[in-house]
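Here the structure comes first, spelled out in structure tokens, and everything after it is commentary.
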Amino acid sequence: MATQTSLSPRPIPKRILKLDQTVVNKIAAGEIIVRPANAVKEMMENSLDAGSTDIIITIKNGGLDLIQIQDNGCGIRKDDLPIACERFTTSKINSFEDLTSLSSFGFRGEALSSISYIAKVKITTRTADAVCAFQMEYGLGQPLGLGKLCAGNVGTIITVENFFYNNPVRKSILSSPTEEYVRLAEFVTKYAVRYPNVGFTLKKFGQHVADIRTPPNSSTLENCKLLFGNTITRELVLVEGETDKYHCKVAGYVSNPNFSIKKITFLLFINGRSVDCNKLKRSLELIYAAHLPKNGFPFIYLSLELPPGLIDVNIHPTKAEVYFRFEEEIISFIVTLVQSKIMASQTSRTFTIQTQLPRSVSQGSSTMDIDYQASLSPARGPKKADPRKMVRTDYREQTLDAFIRPPSVINRCLHSHGGGPSGSGVAGKVSEAAPETNNDDELKVISVKSRLVAKRCRRKISLTSLLELKADVEETMDANLRRLLAEHKFVGCASYTTALIQHQTRLFAVDVSKLSEELFYQMILYDFGNFGICKAAEPVSLSGLMETALEFSDEPIEDPTEREAMVERAVELLMSKGPMLADYFSIQFSKDKELVGLPLLLPDYIPPLSDLPNYVARLVTEVDWTKEKECFNNIARITAQFYSFRRDFYSEAIEEEGDKAWKWTVQHTLFPAFRSMLQPGPMLHGDRTFVQLADLPHLYKIFERC
């Protein structure tokens with residue numbers, strides 16, 4: 001018996017309909033703007049295309065509630081605002097052929113349109129020729145109203161609110177606000193490295209402290225130091241090269257074999273655009289695999305410049321990838337170039353081991369030996385600490401006396417070598433004294449009534465000679481001594497120039513005079529042209545200072561005429577260099593040839609003014625004014641010696657009267673500055689600046705024998 005098979009009915013073909021333009025735009029917006037970080041990238045690139053030199057990005061709730069980008073670019077014309085958020089409206093190209101010579105980031109005109117379809121957009125802009133700014137709000141690619149006039153600076157402010165408010169499914173699958181903020185911070189970091197001439201600021205809404213802030217007119221290395229830290233920056237190797245065959249230029253920085261991280265940092269820009277290139281990334285990883293330890297990865301930043309005709313940028317909705325001709329050949333050229341730089345930097349390698357500082361002869365016949373325990377992986381299971389190696393102090397602790405300033409500060413009483421009256425009395429931030437002179441047979445003491453003046457707005461000075469002096473300091477810095485100063489515990493003052501500090505289980509005597517001189521020298525270099533000013537209430541005659549210096553010099557000049565001529569030449573020299581000294585060092589002279597100001601290097605610290613005549617005389621006789629680098633170095637060194645903490649300017653009567661103000665200054669003014677700023681060099685090794693007095697393990701051995 002035959003069975004009848006039941007067949008399902010044939011489906012009825014559906015009609016092909018043309019989608020509504022709003023639906024089309026929403027779908028396209030979801031492809032271009034995947035998450036808040038994409039919106040930040042697109043708007044940041046628009047700001048760069050507009051010639052901005054300062055870009056401020058404010059984020060709320062990871063960009064889901066608010067994204068605001070403010071720049072100082074050329075702005076948008078008022079007549080163009082009605083179509084600014086429509087699809088395929090752009091000022092970058094006019095025809096398809098323009099893609100072969102594209103020199104801007106954007107070209108499709110979809111970024112602002114896509115953002116307006118998934119969020120609420122407000123644009124405030126002003127051009128240089130406009131009297132005031134103009135503001136307009138947008139939704140679904142169209143303006144919401146006619147806009148209005150408002151106050152504003154030249155540039156553009158784009159505010160994006162309620163991200164994906166009309167697409168709850170897309171909003172729900174996004175990461176947490178914290179993770180979204182990290183993603184967009186990565187974009188800002190990349191562009192801050194590539195465009196050091198532009199200042200980038202990224203901060204969270206309602207917070208005054210920015211998470212990322214780079215100054216305009218900086219350098220790639222300086223921005224790397226700010227964004228990634230000095231540990232990475234000092235291990236970077238410059239990569240530069242060019243191939244005429246493919247017209248490809250390569251510039252950037254890669255880490256040397258001494259440095260490795262757990263995850264690769266790969267920053268690639270092609271013609272100024274941040275892109276991905278997995279082939280190049282994998283090729284470079286293979287090179288480093290032969291030089292780095294297992295699970296270690298490099299830092300790589302490369303910027304490629306190719307002829308626009310060799311690149312196709314129209315292959316990805318977010319422009320994250322590009323295609324270019326001769327890809328294999330160009331990648332091979334880059335890999336060879338990077339490999340040569342890595343091999344050239346392999347003359348020395350650094351390994352993490354237990355290290356020790358060079359030995360230095362200490363007091364008596366003993367030696368000083370500073371070592372540090374290398375970081376070791378903890379043993380399995382709990383282990384009782386060895387009391388002989390137990391560190392019982394914490395250098396991060398603070399005491400109440402740090403917040404209670406004594407009634408007088410370090411320069412309350414200055415005495416002459418000849419036993420004359422005090423040079424100046426300083427109470428708080430103001431010193432009360434007038435210029436005075438001892439008898440002819442005694443040392444003349446000249447004092448200055450000083451007051452603190454607010455610091456200037458900080459300037460960035462990038463003179464080649466100054467950068468070379470800074471580089472000398474940084475290259476010769478001893479990392480072990482730096483760690484000792486950064487993690488020391490202040491014990492007390494043994495004398496005017498010697499203090500006791502503890503580091504881990506060791507006790508050291510340190511020379512405060514030598515450390516303070518080096519500190520002030522480095523502060524002069526790193527705060528060059530940005531010092532506060534210690535103003536003189538009563539100006540001091542330069543000729544009087546020079547006469548005092550000549551009178552008490554080792555070889556005094558007896559002939560009054562010769563001495564007067566020498567004083568006159570010295571004063572004229574100082575006055576001719578006055579503008580430079582005032583601008584760079586805050587050493588100020590009046591038109592009447594008087595000293596009216598000195599640099600303020602540290603708060604609550606004024607140099608020993610009784611040495612002022614000698615200081616002025618050394619500026620005349622010991623500075624090489626013909627060469628810039630030598631001139632800056634001489635002035636910095638002489639000024640540092642003038643400001644250094646020295647015993648010969650403080651009377652023993654201070655100690656007899658029980659005045660401990662100088663001890664407070666040493667502990668709470670100088671040593672905090674040593675901890676945070678001083679970069680000790682090799683010159684502080686062998687001159688008994690650091691002398692080890694005792695260490696806990698050896699003390700245990702002594703007590704065990706007793």
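It should be emphasised that the depicted structure is a prediction, and the values quoted were computed from it without experimental measurement.
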Problem set entry | From R675 atom CZ to I501 atom CD1, the distance as rounded to the nearest 0.5 Å | 9.0 Å

For this session: Look at E45 together with K41 and state whether they make a salt bridge at an N to O cut-off of under 4.0 Å.
Result: yes

Exercise. What about the rings of F326 and Y246, do their centers lie closer together than 6.0 Å?
Worked result: yes

For this session: Identify the two heavy atoms, one from R213 and one from L226, that lie closest to each other, and give their separation to 0.1 Å.
Result: O-CD1, 4.0 Å

For this session: For T548 and P613, indicate whether the former's side chain and the latter's backbone hold a donor-acceptor pair under 3.5 Å.
Result: no

For this session: Ignoring hydrogens and angles, state whether a donor on the side chain of S218 or N197 is under 3.5 Å from an acceptor on the partner side chain.
Result: no

For this session: For a ring pair (Phe, Tyr, Trp, His ring centres under 6.0 Å) with F632, tell me which candidate from Y521, W625, F528 qualifies.
Result: F528

For this session: Rounded to the nearest 0.5 Å, what's the gap from OG1 on T156 to CD1 on I69? Could you check?
Result: 11.0 Å

Problem set entry | Distance-minimising heavy-atom pair for K460 and N217 | CE-O, 3.7 Å

For this session: First locate atom OH of Y643, then atom CE of M523, and finally report the distance between them rounded to the nearest 0.5 Å.
Result: 10.0 Å

Problem set entry | Nearest-0.5 Å distance, CZ of residue F589 to CG of residue L542 | 5.0 Å

Problem set entry | Residue K249 excluded, over 12 heavy atoms near NZ under 6.0 Å | no

For this session: Evaluate the side-chain proximity of K281 to I264: yes if any heavy-atom separation is below 4.5 Å, no if none is.
Result: yes

Exercise. Do the side-chain N and O atoms of Q522 and K470 include a donor-acceptor pair separated by under 3.5 angstrom?
Worked result: no

Problem set entry | Output field: ring centroids F297/Y288 closer than 6.0 Å | no

Exercise. Would you say the side-chain atoms of E594 and S541 include a donor-acceptor pair closer than 3.5 Å?
Worked result: no

Exercise. Distance-only, no hydrogens or angles: does the T669 side chain make a donor-acceptor pair with backbone N or O of V666 under 3.5 Å?
Worked result: no

Problem set entry | Any donor-acceptor N/O pair, T233 side chain to K225 backbone, under 3.5 Å | yes

Exercise. Is the backbone N or O of S345 less than 3.5 Å from a side-chain atom of N256, with the two atoms forming a donor-acceptor pair by type?
Worked result: no

Exercise. Quick one: do the D624 and T626 side chains pair a donor with an acceptor below 3.5 Å?
Worked result: yes

Problem set entry | Side-chain donor/acceptor of D71 to backbone N/O of G155, under 3.5 Å | no

Exercise. Does the pair D478/R483 count as a salt bridge with the N-to-O cut at 4.0 Å?
Worked result: no

Exercise. Are a donor atom and an acceptor atom from the side chains of Q679 and Y526 found within less than 3.5 Å of each other?
Worked result: yes

Exercise. When you look at CD of E568, are more than 12 heavy atoms from neighbouring residues, nucleotides or ligands closer to it than 6.0 Å?
Worked result: no

Exercise. If only atom types and distance count, is the side chain of S47 paired as donor or acceptor with the main-chain N or O of M43 below 3.5 Å?
Worked result: yes

Problem set entry | Atom of A570, atom of V620 and distance for their closest heavy-atom approach | CB-CG1, 3.8 Å

Problem set entry | Aromatic centroids of F671 and H488 separated by under 6.0 Å | yes

For this session: Could you tell me whether E518 and R637 make a salt bridge, using a distance below 4.0 angstrom between a side-chain N and a carboxylate O?
Result: yes

For this session: Would you confirm whether the ring centroid of F266 sits within less than 6.0 angstrom of the ring centroid of F299?
Result: no

For this session: Output yes when a side-chain donor or acceptor of S52 lies under 3.5 Å from a complementary backbone atom of I55, and no otherwise.
Result: no

Exercise. Between S274 and R194, is any side-chain donor less than 3.5 angstrom from a side-chain acceptor?
Worked result: no

For this session: Taking all heavy atoms of L525 and all of L466, pick out the closest pair and write down the distance.
Result: O-CD1, 3.7 Å

For this session: May I ask you to decide if N614's main-chain N or O and D611's side chain share a donor-acceptor pair within less than 3.5 Å?
Result: no

Exercise. Between N72 (side chain) and V154 (backbone), is there a donor-acceptor pair under 3.5 Å?
Worked result: no

Exercise. With a 3.5 Å cut-off and no angle check, do the side chains of T220 and Y301 form a donor-acceptor pair?
Worked result: no

Problem set entry | Separation between CZ of F520 and CG of D527, rounded to the nearest 0.5 Å | 12.0 Å

Exercise. With a 4.0 Å cut-off, would you call K593 and E572 a salt bridge?
Worked result: yes

Problem set entry | Nearest heavy-atom neighbours spanning P257 and H291 | CB-CB, 4.1 Å

For this session: Anything under 30° is parallel, anything over 60° is perpendicular, the rest tilted; go ahead and classify F531 against F585.
Result: parallel

Exercise. Which atom pair, heavy atoms only, marks the closest approach of S644 to S513?
Worked result: CB-O, 4.0 Å

Exercise. About how many Å separate CG of L619 and CG of L573, when rounded to the nearest 0.5 Å?
Worked result: 9.5 Å

Problem set entry | Main-chain N/O of E235 paired with S255 side-chain donor or acceptor, under 3.5 Å | no

Exercise. Where does the angle between the aromatic ring planes of Y191 and Y195 fall among parallel (under 30°), tilted (30 to 60°) and perpendicular (over 60°)?
Worked result: parallel

